[in-house]
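I have placed the structure first, in the form of C-alpha cells, so that the comments after it can refer back to it.
Numbered from 1 within each chain, the chains take letters A, B, ... in sequence-line order.
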Amino acid sequence: MGLRQEFFDRPVLEVARDLLGCELVVDGRARVRIVEVEAYGGEDDPASHAGRGPTPRSRLMFGPPGFAYVYLIYGVHHCLNFVTGPDATAGAVLVRAAEPLSGVVPRPGLALEQTCAGPGRLCRALGVDLAWNGVPVAEDLPGPDRLRLETGRTPRRITASPRIGIRLAVHRLWRFHDRESSGLSRR
DNA sequence: GAACCGATTGCCT
DNA sequence: GGCAATCGGTTCG
C-alpha cells in the first residue's frame, strides 16, 4: 500500500518507527526495504538542521510533510530524509540503511547486502543527489513520482539508540533499526 | 567575503 | 585506529 501525506503528518518519532520495513521505490526501477532511520526535530532539537530556526537549507523541513529533503554532507555524500509533521513545524526522518530487494546495481568489492548500508551508500546506490531535494514522496501529492514508499514486512524487533555522528542531545534515543537486519550501517 | 564545519565513507598505516 | 576528500551552508567580522 502506498504511503499518503497523512502518514507523514504525525510526530517525527512515530513516522520514523513506522518507516522501518517500508519499501522505497526509485523511478519504478530500484526497490529497497528500509531497516534503519533517525528522527530529527525542529527548534527543540539542537542536533537538527532545523535546530536554530529556518535557513535556506533547512527551509524544506519547515514545510508540509511528505517531501524529500536531500543535502550534501562533507562535500562528498548525499543524505535522504522525509519531511514530517504539519506545515510550519520542522521535522524529518533520515534514511540510514536499507536492504536491496530488486534493481540495485551491485558495487565491486561490496556485498549486495551492504550496498545501501549507510546514508551515503544508500543515496549513491539509488542515484539520489541534490536534484532530488523537494520531490514529493507521498502518493497523493502532485508532481513527479520518482520516490515512492509502500508498506512492507514489519520488523519483528526494533531497537532504539543514540543518533550516529551526533554530539548533541546524545540522551535522545532517536535512531531506530530492525534488529534482525543484516543491512545496517552499524550494529 | 572569509573562515569554519559537517546527520560520511573508504583507503591508509 | 587515523585521516583525507570536497563543497554548500552557516556564522562571523
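Taking every heavy atom of residues 63-78 of chain A and every atom of DNA chain C, pairs under 4.0 Å involve Leu72(A), Tyr74(A), Gly75(A), Val76(A), by number.
Out of dT11(C), dA7(B), dG9(C), the shortest distance to the side chain of Arg96(A) is found at dA7(B).
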Take Arg33(A) and Glu23(A) through the test salt bridge (Lys or Arg N to Asp or Glu O under 4.0 Å) and record every step on the way to the result. CA-CA 4 Å; Arg33(A) 176 176 178 270; Glu23(A) 298 179 7; over 6 Å; no
Working for salt bridge (Lys or Arg N to Asp or Glu O under 4.0 Å), residues Asp45(A) and Arg163(A): CA-CA 12 Å; Asp45(A) 181 6; Arg163(A) 294 171 288 189; 2.8 Å; yes
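With hydrogens and angles disregarded, no donor-acceptor distance shorter than 3.5 Å links the side chain of Asn81(A) to the backbone of Val70(A).
Both tests pass for Arg10(A) against the ring of Phe7(A): distance under 6.0 Å to the centre and angle within 45° of the axis.
Note on Arg175(A): every side-chain N or O is 4.0 Å or more away from OP1 and OP2 of dA7(B). The phosphate of dA7(B) (OP1 or OP2) has a side-chain N or O of His49(A) nearer than 4.0 angstrom.
In this structure, Arg59(A) reaches neither bases nor backbone, as no heavy-atom distance under 4.0 Å exists between it and the strands shown. Within 4.0 Å of Arg163(A), counting heavy atoms only, lies no atom of the nucleic acid at all.
Connectivity analysis of hydrophobic side chains (ILVMFWY, heavy atoms under 4.5 Å, direct or indirect) links Leu130(A) to Leu72(A).
Going from atom OG1 of Thr115(A) over to atom CZ of Arg124(A) covers 10.0 Å, rounded to the nearest 0.5 Å.
Residues Trp174(A) and Leu80(A) share a single hydrophobic cluster, defined by chaining ILVMFWY side chains whose heavy atoms lie under 4.5 Å apart.
Each of Ile166(A) and Arg107(A) has a nearest nucleotide on DNA chain B; the 5'-most of these lies closest to Ile166(A).
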Writing each nucleotide of DNA chain B 5' to 3' as (, ), [, ], | or . by Watson-Crick or G-U pairing under 3.5 Å yields ||||||.|||||.
